[in-house]
Participant: 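The structure that follows is given in the form of structure tokens.
Side-chain atoms are counted along with the backbone in the values below, which use heavy atoms only and exclude waters and symmetry mates. Order of listing sets the numbers, starting from 1, for every ligand and every atom in it. This chain uses plain numbering: 1 for the first residue, then up along the sequence.
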Amino acid sequence: MKTLLTGLLLTLLPLAANAADPAALYQQHCLSCHGAQRMGAMAPALLPQSLERLQPDEVLRTIRDGRAATQMAGFGGKLADADIRELAAWLATPPAAPPVWREADTAASRIQYLDPAKLPLRPTFAANIDPRNLFVVVEAGDHHVTVLDGDRFTPVTRFQSRFALHGGPKFSPDGRFVYFASRDGWVTQYDLYTLQPVAEIRVGLNTRNVAVSGDGRWVLAGNTLPQTLVLLDANGLKPVKTFAVTDRGGKPSRVSAVYDAAPRQSFIVALKDAAELWEISYNPKAAAIYPGYVHDYQMGEGLAVPGYLNPRVTPLDMVLDDFFFDDSYRHVMAASRDGHAQVINLDSRSKVAELPLDGMPHLGSGITFTQDGHHYMATPNLKGGRVTVIDMDRWQVAANIATPGPGFFLRSHENTPYAWVDAMMSPRKDTLSIIDKRSFQVVRQLTLRPGKTNAHVEFTRDGRYALVSIMETPGELVVVDAANFREVAALPMMKPIGKYNVYNKVTRSGGTSH
Ligand code: DHE
């Protein structure tokens with residue numbers, strides 16, 4: 001079946017007769033880098049799942065012109081336009097034989113760069129750099145990561161990442177290691193003390209994200225291709241266990257995201273195709289804590305397998321795949337793709353409230369804060385120009401705050417009264433709205449670079465400065481005084497997407513994601 005992408009591709013280059021067989025073109029020109037079955041090798045996978053985020057003309061352009069700062073050469077001189085068009089259309093269609101990725105492939109892919117046991121105990125960079133105020137900045141424009149000194153706003157190092165990192169990099173509890181996931185399945189453990197990668201492993205062909213356990217022992221990766229979860233030893237990324245993700249009827253489901261619920265000593269798993277929520281405890285006493293709730297995913301409901309490192313299933317009344325947790329991780333707010341939202345109690349494994357949210361709340365990008373003794377969470381909305389504030393003591397909507405357009409990311413910090421939201425899903429993508437958490441009013445609109453996407457804010461460890469991405473190639477990282485909203489620095493970067501402050505992440509600041 002032709003996809004939308006395929007259809008659009010057909011209109012982008014002029015038709016010509018006698019185009020070559022695209023499978024043969026792939027064998028001849030692409031296979032040596034992009035691998036057999038288009039599964040990726042030294043270059044990324046070229047499966048529809050890997051390409052779905054690219055604009056159709058980007059695929060054509062890349063084949064024709066190559067990709068700057070990579071080994072991808074342009075084929076414009078070698079291949080006719082018709083051949084390029086055929087090849088791009090073929091890449092957007094699923095392979096005749098579905099690609100297979102087994103546990104053995106994961107194990108064989110592991111690369112260990114350093115012996116974790118031999119790493120120095122302290123940072124090797126200048127002693128005046130605070131390792132807890134480092135930022136890790138993901139630059140999507142040329143697939144690099146910058147490690148930034150959060151006091152001086154100067155880069156400490158910059159290195160090439162795997163292709164298309166996505167989701168928040170996750171930190172070990174002491175903030176020493178950072179773990180990245182790439183869309184095509186690579187997980188990287190990187191040592192911020194010596195500024196070197198420790199190990200890498202490919203856990204699948206298409207990965208959503210990773211979570212690191214609150215005790216620092218485990219990394220859990222969630223995949224959409226194949227439909228698996230892969231548990232890794234956090235110290236060196238050795239594979240420990242692969243879970244086939246199927247619902248209780250045996251139907252496979254893609255993973256939507258994995259989260260660490262540190263206060264519960266468990267991982268929470270959101271599923272894209274099953275009305276279930278999984279919890280995988282890493283507490284060795286879990287069998288005693290969750291008696292009777294253990295569901296063995298392979299053998300059927302109700303079997304007496306230990307709760308430890310096994311999924312415990314909460315049945316849902318619909319597929320819910322965007323989540324936000326209260327601070328105790330006892331309650332989870334969850335939304336379906338059509339914007340239906342509810343609250344689930346993870347202990348009783350039942351729905352305890354409906355949330356009257358419309359549009360498409362982006363719960364995963366929400367924040368929490370306390371005001372006048374009330375606990376609030378606030379979420380942007382991908383389909384409406386508003387931020388919704390939810391009173392978590394009553395599970396009621398406390399306010400809907402109008403913004404210039406649908407936004408993706410909302411961020412704040414304990415030391416600032418303001419929350420910052422973008423409007424990047426709208427024509428006003430260049431405008432940030434600054435909301436007073438006390439009055440629920442927008443107090444300022446800020447356009448740092450007119451006409452460009454101004455989005456994703458992260459604060460310094462002390463909350464004094466807000467770092468904003470200008471998500472363009474080339475783009476910038478702009479540092480703004482969080483009290484008077486004045487620009488204090490700007491660093492050139494290649495489409496910086498997210499940035500992550502070590503201290504805010506490891507202390508689980510309510511103003512940022514975890
Ligand atoms: Fe993301 C985080 C899902 C598109 C940039 N994104 C996440 C997380 C999920 C998610 C589940 C949380 C992961 C975690 O905590 O580790 N993102 C999705 C989608 O389903 C969606 C809409 C479509 C898709 O193809 O996956 C999507 N995301 C995007 C983008 O288009 C963005 C803007 C650019 C990009 O790189 O693809 C984007 N997503 C991000 C960022 C985070 C993220 C920067 C981490 C935010 C943070 O501060 O923690």
Side-chain angles (χ1 to χ4, degrees), residues 5 48-55 58 135-141 143-145 161-171 178-184 187 206-212 219-225 254-261 267-272 320-325 334-337 360-367 379-383 406-413 420-425 429 453-459 466-473 475 477 494-502 504-505 508-514:
L5 182 58
Q49 293 90 338
S50 335
L51 299 172
E52 66 191 4
R53 307 265 325 132
L54 298 183
Q55 297 294 327
E58 217 175 319
F135 283 84
V136 170
V137 189
V138 173
E139 294 180 63
H143 310 282
H144 274 67
V145 171
S161 71
R162 289 282 170 178
F163 181 79
L165 298 184
H166 175 240
K170 300 292 155 56
F171 296 88
V178 56
Y179 299 86
F180 301 96
S182 78
R183 287 202 189 253
D184 68 354
V187 178
N206 203 263
T207 293
R208 289 297 284 174
N209 74 326
V210 291
V212 177
V219 173
L220 185 68
N223 293 325
T224 57
L225 189 67
R254 294 166 296 168
V255 174
S256 181
V258 292
Y259 306 91
D260 175 51
F267 292 113
I268 308 290
V269 182
L271 303 182
K272 251 186 189 309
L320 297 167
D321 70 354
D322 186 20
F323 288 102
F324 191 87
F325 301 87
S336 62
R337 288 269 135 189
M360 194 191 278
H362 194 200
L363 297 177
S365 191
I367 59 166
T379 171
N381 199 302
L382 296 169
K383 283 200 181 149
F408 211 94
F409 302 107
L410 176 68
R411 288 287 173 259
S412 187
H413 188 281
W420 299 43
V421 67
D422 61 80
M424 70 175 267
M425 310 298 286
K429 63 183 186 178
T453 300
N454 293 221
H456 197 279
V457 175
E458 176 84 272
F459 290 81
L467 277 62
V468 182
S469 291
I470 307 299
M471 290 187 190
E472 308 285 343
T473 309
L477 192 78
M494 294 297 280
K495 198 174 185 186
I497 303 288
K499 66 210 72 64
Y500 310 89
N501 178 274
V502 173
N504 295 342
K505 294 294 175 188
R508 294 180 167 260
S509 160
T512 192
S513 61
H514 309 127

Participant: Pairs of nitrogen or oxygen atoms closer than 3.5 Å, one from His456 and one from ligand 1: do any exist?
Facilitator: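 In this structure, His456 places an N or O atom under 3.5 Å from an N or O of ligand 1.
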
Participant: Just do the side-chain contact (heavy atoms from CB on, under 4.5 Å) check on Ser182 and Leu165 with the steps written out, would you?
Facilitator: CA-CA 4 Å; Ser182 78; Leu165 298 184; 4.0 Å; yes

Participant: Tell me the protein heavy atom at minimum distance from atom 34 (C) of ligand 1, and give that distance in Å.
Facilitator: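 I find the closest protein heavy atom is Ile497 CG2, 4.1 Å.
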
Participant: If you leave out waters, which protein N, O or S atoms are less than 2.8 Å from atom 1 (Fe) of ligand 1?
Facilitator: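 Hits for atom 1 (Fe) of ligand 1 below 2.8 Å: His166 NE2.
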
Participant: Looking only at atom types and distance, does a side-chain atom of Asn209 sit under 3.5 Å from a main-chain N or O of His166, one as donor and one as acceptor?
Facilitator: no

Participant: If the threshold is 4.0 Å, N to carboxylate O, is there a salt bridge linking Arg508 and Asp260?
Facilitator: yes

Participant: Looking only at atom types and distance, does a side-chain atom of Glu458 sit under 3.5 Å from a main-chain N or O of Leu467, one as donor and one as acceptor?
Facilitator: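 Side chain of Glu458 to backbone of Leu467: no pair is present.
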
Participant: Give the minimum heavy-atom separation between Gln49 and Glu52, together with the two atoms involved.
Facilitator: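 Residues Gln49 and Glu52, closest heavy atoms: O-CG, 3.6 Å.
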
Participant: Ligand 1 versus Met471, non-hydrogen atoms closer than 4.0 Å: side chain, backbone, both, neither?
Facilitator: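 No part of Met471 comes within reach of ligand 1.
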
Participant: State the atoms of ligand 1, each with its element, that fall below the 4.0 Å cut-off from a heavy-atom position in Ala257.
Facilitator: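 Every atom of ligand 1 under 4.0 Å from some heavy atom of Ala257: 11 (C).
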
Participant: Where's the contact between Phe409 and ligand 1, heavy-atom distance under 4.0 Å: side chain, backbone, both or neither?
Facilitator: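 The part of Phe409 near ligand 1 is the side chain, not the backbone.
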
Participant: Pair His362, Phe408 - check ring pair (Phe, Tyr, Trp, His ring centres under 6.0 Å), show working.
Facilitator: CA-CA 7 Å; His362 194 200; Phe408 211 94; 4.6 Å; yes

Participant: Under a heavy-atom criterion of less than 4.0 Å, does Lys170 contact ligand 1?
Facilitator: yes

Participant: Grab the two heavy atoms, one from Ala221 and one from Val187, that are nearest each other, plus how far apart they are.
Facilitator: CB-CG2, 4.4 Å

Participant: In this structure, does ligand 1 have an atom that sits under 4.0 Å from one of the heavy atoms of Lys499?
Facilitator: no

Participant: If I compare all heavy atoms of Thr473 with all of Met494, which pair ends up nearest, and what's the gap?
Facilitator: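 Nearest heavy atoms, Thr473 then Met494: CG2-CE, 3.4 Å.
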
Participant: Any side-chain to backbone donor/acceptor pair from Ser469 onto Met471? Under 3.5 Å, distance only.
Facilitator: no

Participant: Please state which protein non-hydrogen atom is closest to atom 19 (C) of ligand 1 and give its distance, to 0.1 Å?
Facilitator: Arg208 NH2, 3.5 Å

Participant: For atom 12 (C) of ligand 1, what's the nearest protein heavy atom and its distance?
Facilitator: Asn209 ND2, 4.4 Å

Participant: I'd like to check whether His514 has a polar contact with ligand 1, where a contact means an N/O of the residue lying under 3.5 Å from an N/O of the ligand.
Facilitator: no

Participant: Would you mind checking which non-hydrogen protein atom is closest to atom 31 (O) of ligand 1, with the distance to 0.1 Å?
Facilitator: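 Minimum-distance protein heavy atom for atom 31 (O) of ligand 1 reads Arg53 NH2, 2.2 Å.
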
Participant: Within the structure, does at least one protein heavy atom fall under 4.0 Å of atom 21 (C) of ligand 1?
Facilitator: no

Participant: How about atom 8 (C) of ligand 1: does it have a protein heavy atom within less than 4.0 Å?
Facilitator: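 So far as the 4.0 Å threshold goes, atom 8 (C) of ligand 1 is out of reach of every protein heavy atom.
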
Participant: Tell me, please: is Glu52 in heavy-atom contact with ligand 1, that is, under 4.0 Å?
Facilitator: no

Participant: Might you point out which heavy atoms bring Arg411 and Ser365 nearest each other, and give the distance in Å?
Facilitator: NH1-O, 3.5 Å

Participant: Considering the heavy atoms of Ser513, write down every atom of ligand 1 situated less than 4.0 Å from one of them.
Facilitator: 47 (C), 48 (O), 49 (O)

Participant: Below 3.5 Å, N or O to N or O, backbone or side chain included: is there any such pair between Tyr259 and ligand 1?
Facilitator: no

Participant: Which atoms form the tightest heavy-atom contact between Asn381 and Pro361, and what is the distance?
Facilitator: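 The answer is ND2-N, 3.6 Å.
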
Participant: Is Thr512 in polar range of ligand 1, meaning some N or O pair under 3.5 Å apart?
Facilitator: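 Such a contact does not occur with ligand 1.
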
Participant: Can you tell me which portion of Arg183 lies within the under-4.0 Å heavy-atom range of ligand 1? Options are side chain, backbone, both, or neither.
Facilitator: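 Just the side chain.
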
Participant: Examine distances only and state if a side-chain atom of His143 and a backbone atom of Ala164 form a donor-acceptor pair shorter than 3.5 Å.
Facilitator: yes

